[in-house]
Protein chains: 2
Amino acid sequence: MTAAMSSLTDIESVLKALASERRLQILDWLKDPVAHFPPQEHGDPEAHGACNQFIVEKLGVSQPAGSRHLKVLTDAGLVIPTRRKGWVYYRRNEAALADLAALVASI
Amino acid sequence: MTAAMSSLTDIESVLKALASERRLQILDWLKDPVAHFPPQEHGDPEAHGACNQFIVEKLGVSQPAGSRHLKVLTDAGLVIPTRRKGWVYYRRNEAALADLAALVASI
DNA sequence: TGGCGATATAACTATCATGTTATGTGGCTA
DNA sequence: TAGCCACATAACATGATAGTTATATCGCCA
């Protein structure tokens, strides 16, 4: 069950999270982690997504900048982090993205 | 035919226009101008929407601030201005909003 | 044409977003 | 337990947003 997103302010915060070329790029890459990131020795990319480090490198920004983008997406509920063995993997939250699409359709 | 919105940067700019509580509010009001704004002596609210002045007043911000919000929505193609007799009326661009909803659904 | 009412633009200020470098934290692993 | 590696947080610089007041523009109408 995803968080309810009903009021204008809620929509606003999720849209703000989405209104960034970098973060849109991340979500696009995460559609197919295997295709867009190097093979991971630990963590199943299909199940848990790509690790923080790979995403940051592919973005081409500093590690803190990349981590913050991932935090924004996480706080908005658009991606789901999985912490494992010192790495953090991120995958899309398809349910939240579907909710958002429905909300935007109602704007 | 509405402008094509395909690249990530295009989506980004439209999402930025949308990611504002004030602008979301304006779009919501414009769903039913007759219900949300005073009667207009000039300009058909059904056909052309609500005039700048009414929208600004209802927003509760200064006239330039309100006008700028409307400019952002206009530049993003989300509303359509109609200039007539010294007033400017704004109505929703339903085609663009539908395109946007489809794009968000594809994120 | 003179003035007025509606909107646009200019100039400025405050806050937020995004980037950087430096440093802290916390779990492996040798 | 010592050190390393991944990630998080702190502190700061800078550019974009959104608000304000003041002023310019522009079409009606008397």
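Below, chains carry the letters A, B, ... as their sequence lines are ordered, and counting in each starts from 1.
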Range-with-range stems for DNA chain D, at least three Watson-Crick or G-U pairs under 3.5 Å: C:1-30 with D:1-30
Separation of atom OH in B/Y89 from atom C1' in C/dA6, rounded to whole Å: 10 Å
Gap between atoms CD and P, on B/E21 and C/dT15 respectively (whole Å): 19 Å
All salt bridge (charged side-chain N to carboxylate O under 4.0 Å, His left out) counterparts of A/E57, not counting sequence neighbours: none
Rounded distance (nearest 0.5 Å) linking atom CD1 of B/I11 with atom NZ of B/K16: 13.0 Å
Going by atom type alone, with no hydrogens or angles, which donor-acceptor pairs under 3.5 Å involve a side-chain atom of residues 72-83 of chain A and a protein atom two or more places apart or on another chain?
{"unit_1": "A/T74", "atom_1": "OG1", "unit_2": "A/L70", "atom_2": "O", "d": "2.7"}
{"unit_1": "A/D75", "atom_1": "OD2", "unit_2": "A/K71", "atom_2": "NZ", "d": "3.0"}
{"unit_1": "A/T82", "atom_1": "OG1", "unit_2": "A/R91", "atom_2": "NH1", "d": "3.1"}

Nearest-Å distance for atom pair CG/C1', residues A/L73 and C/dT18: 14 Å
Within residues 64-88 of chain B or reaching into it, pairs that qualify as ring-ring contact (aromatic ring centres under 6.0 Å, His included) - sequence neighbours excluded: B/H42-B/W87
Non-hydrogen side-chain atoms of B/P64 and B/R68 separated by less than 4.5 Å: no
Same apolar cluster: A/L97 and A/Y90, side chain cutoff 4.5 Å: yes
Side-chain touch A/D10/A/V14, heavy atoms, less than 4.5 angstrom: no
Whole angstrom value for the distance that separates C1' of D/dG15 from CZ of A/R22: 14 Å
side-chain N/O A/R83 vs D/dA8 OP1/OP2, d < 4.0 Å: yes
Most 5' of A/Y90 and A/K16 on DNA chain D, judged by nearest nucleotide: A/Y90
Distance, rounded to the nearest Å, where B/N52 contributes CG and C/dT9 contributes P: 12 Å
Nucleic acid contacts - residues 53-71 of chain A versus DNA chain D, non-hydrogen atoms under 4.0 Å: A/Q53, A/Q63, A/P64, A/S67
Side-chain touch B/S67/B/N52, heavy atoms, less than 4.5 angstrom: yes
Look for any protein N or O under 3.5 Å of an N or O in nucleotides 27-30 of chain C and output each such pair with its distance, or none.
none

Plane angle bin for A/F37 and A/F54 - parallel if under 30°, tilted between 30 and 60°, otherwise perpendicular: parallel
Main-chain N/O of A/L27 paired to A/R92 side chain as donor or acceptor, under 3.5 Å: yes
Qualifying residue for side-chain contact (heavy atoms from CB on, under 4.5 Å) with B/V104, from B/L15, B/L18, B/D99: B/L15
